[in-house]
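One structure is given below, encoded as structure tokens.
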Amino acid sequence: MTAAEILAAHTREVADFPQPGVMFKDLTRLFRDPDAFALVLQDIADRWSGTVDVVAGIEARGFIIGAPLAQRMSLGFVPIRKAGKLPGETHSQTYDLEYGTATIEVTADAFATESGPRVLLVDDVLATGGTAAAACRLVESAGAQVVGIEVLLELGFLAGREQLPGREVRAILVD
Ligand SMILES: O=P(O)(O)OC[C@H]1O[C@H](OP(=O)(O)OP(=O)(O)O)[C@H](O)[C@@H]1O
Ligand SMILES: Nc1ncnc2[nH]cnc12
């Protein structure tokens, strides 16, 4: 089975969650299947290997994918957190997503160990693209360079890619 087939087989759709009108894509069945999850992580690692210096994941579901991916690629992991969770000096960005508004932050010196490191941004779902676009602005405000955005699932009908012009966006599965 391909990574896309595995992902499709492990996706559960939940209507009207977290609010009426949203068809929520629940990927927890993938995370609880170790062989399926490992195959998907390896697919991502193979795609970006040698082209990035660090993996950044967006709270919360981007952490589930980003941290084990970074380990698999022998790279460091930087958490992009929801507002108020990181101590010390931070950069922040506020944005709209499919079902609300949020602010994300990153530690000001998160990318300070190298000059302009190449960052792979990781999340589970690309919906309207608000989250990913804000994360790109955030990482670049902290002095790093976003070379790619990897998501497991892209909701094509929400046209999130249009918020990411010129960006290398890869989705394992487009719905
Ligand atoms: O493309 P967008 O419309 O911006 O939506 C995508 C974002 O929405 C979800 O996160 P959510 O904010 O629900 O947080 P969670 O990971 O903490 O559940 C998902 O994990 C993405 O980060
Ligand atoms: N429909 C959806 N399913 C899962 N995560 C999402 N994040 C934003 N929209 C989503």
Apply side-chain contact (heavy atoms from CB on, under 4.5 Å) to the pair Val54 and Arg118, showing each step before the final yes or no. CA-CA 6 Å; Val54 61; Arg118 299 168 299 172; over 6 Å; no
Could you go through the side-chain contact (heavy atoms from CB on, under 4.5 Å) check for Asp96 and Thr128 one step at a time? CA-CA 8 Å; Asp96 294 323; Thr128 63; over 6 Å; no
Please step through side-chain contact (heavy atoms from CB on, under 4.5 Å) for the pair Leu7 and Thr2, ending with a clear verdict. CA-CA 9 Å; Leu7 187 59; Thr2 65; over 6 Å; no
Please determine whether side-chain contact (heavy atoms from CB on, under 4.5 Å) holds for the pair Ile44 and Arg170, giving the CA-CA distance in whole Å, both sets of side-chain angles, and the decisive distance to 0.1 Å. CA-CA 9 Å; Ile44 301 170; Arg170 186 213 183 214; 4.1 Å; yes
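Taking 4.0 Å as the cut-off between side-chain N and carboxylate O, Lys25 and Glu13 count as a salt-bridged pair. Under a 4.0 Å N-O distance rule, the pair Glu150/Arg167 does not qualify as a salt bridge.
Taking NE2 from His10 and CZ from Phe37, the interatomic distance works out to 11.5 Å, rounded to the nearest 0.5 Å. A distance of 9.5 Å separates CD1 of Ile6 from CD1 of Ile172, quoted to the nearest 0.5 Å. The OG1 atom of Thr11 lies 8.5 Å from the CG atom of Leu152; values are rounded to the nearest 0.5 Å. For the atom pair Leu41 CG and Ile64 CD1, the distance stands at 11.0 Å (nearest 0.5 Å). Atom-to-atom distance recorded for Met73:CE and Ser49:OG is 5.5 Å, nearest 0.5 angstrom. The CZ atom of Arg61 sits 10.0 Å away from atom OG1 of Thr28, with the distance rounded to the nearest 0.5 Å.
Residue Ala3 comes nearest to Asp43 through the heavy atom pair CB-CG, 3.7 Å, listed as atom of the first residue, atom of the second, then distance. Here the closest heavy-atom approach between residue Val119 and residue Ala144 is recorded as CG2-CB, 3.6 Å. When all heavy atoms are compared, the tightest approach of Val106 to Ala142 is CG1-CB, 4.1 Å. Contact between Ile149 and Cys136 at its shortest, heavy atoms only, is CD1-SG, 3.6 Å. Of all the heavy atoms in Glu105 and Gly84, the pair that sits closest is OE1-N, 3.2 Å. The two residues Met1 and Ala9 have their closest heavy-atom pair at CE-CB, 4.2 Å.
Counting heavy-atom neighbours within 6.0 Å of Gln19 CD, excluding the residue itself, gives a total above 12. Within 6.0 Å of atom CD in Gln145, more than 12 heavy atoms from other residues, nucleotides or ligands are found, so the atom counts as buried in its surroundings.
If you chain together hydrophobic residues whose side chains sit under 4.5 Å apart, Ile58 and Leu120 never meet in one group. Both Val122 and Leu30 are assigned to one and the same hydrophobic cluster, defined by single-linkage of ILVMFWY side chains at heavy-atom distances under 4.5 Å. Note on Leu121: it clusters hydrophobically with Phe111, by side-chain heavy-atom contacts below 4.5 Å among ILVMFWY residues. No continuous path of ILVMFWY side-chain contacts below 4.5 Å connects Leu86 to Leu138, so the two sit in separate hydrophobic clusters. In the hydrophobic clustering of ILVMFWY residues, with side-chain heavy atoms under 4.5 Å counting as a link, Ile65 and Leu153 come out together.
Among Thr107, Ile104, Asp123, the single residue meeting the side-chain contact (heavy atoms from CB on, under 4.5 Å) criterion with Ile80 is Ile104.
Looking only at side-chain heavy atoms (C-beta outward), Val151 and Asp124 stay at 4.5 Å or farther from each other. Side-chain atoms of Val14 and Met23, non-hydrogen and from C-beta on, never get closer than 4.5 Å to each other. Residues Glu98 and Leu155 have side chains in contact (heavy-atom distance under 4.5 Å, counting atoms from C-beta outward).
The main-chain N or O of Val169 is found under 3.5 Å from a side-chain atom of Arg161 such that the two form a donor-acceptor pair. A donor-acceptor pair under 3.5 Å is absent between the side-chain atoms of Gln163 and the main chain of Gly160, judged by distance alone. Within the 3.5 Å criterion, the main-chain N or O of Thr103 finds no donor-acceptor partner in the side chain of Lys82. A side-chain donor-acceptor contact under 3.5 Å links Asp16 to the backbone of Gly21.
Tyr95 meets the ring pair (Phe, Tyr, Trp, His ring centres under 6.0 Å) test with no other residue; sequence neighbours excluded.
Side-chain atoms of Gln93 and Arg137 form a donor-acceptor pair, as typed in the model, at a separation below 3.5 Å.
Using the six-membered ring where Trp is involved, Tyr99 and Phe24 have ring planes that are tilted, between 30° and 60° apart.
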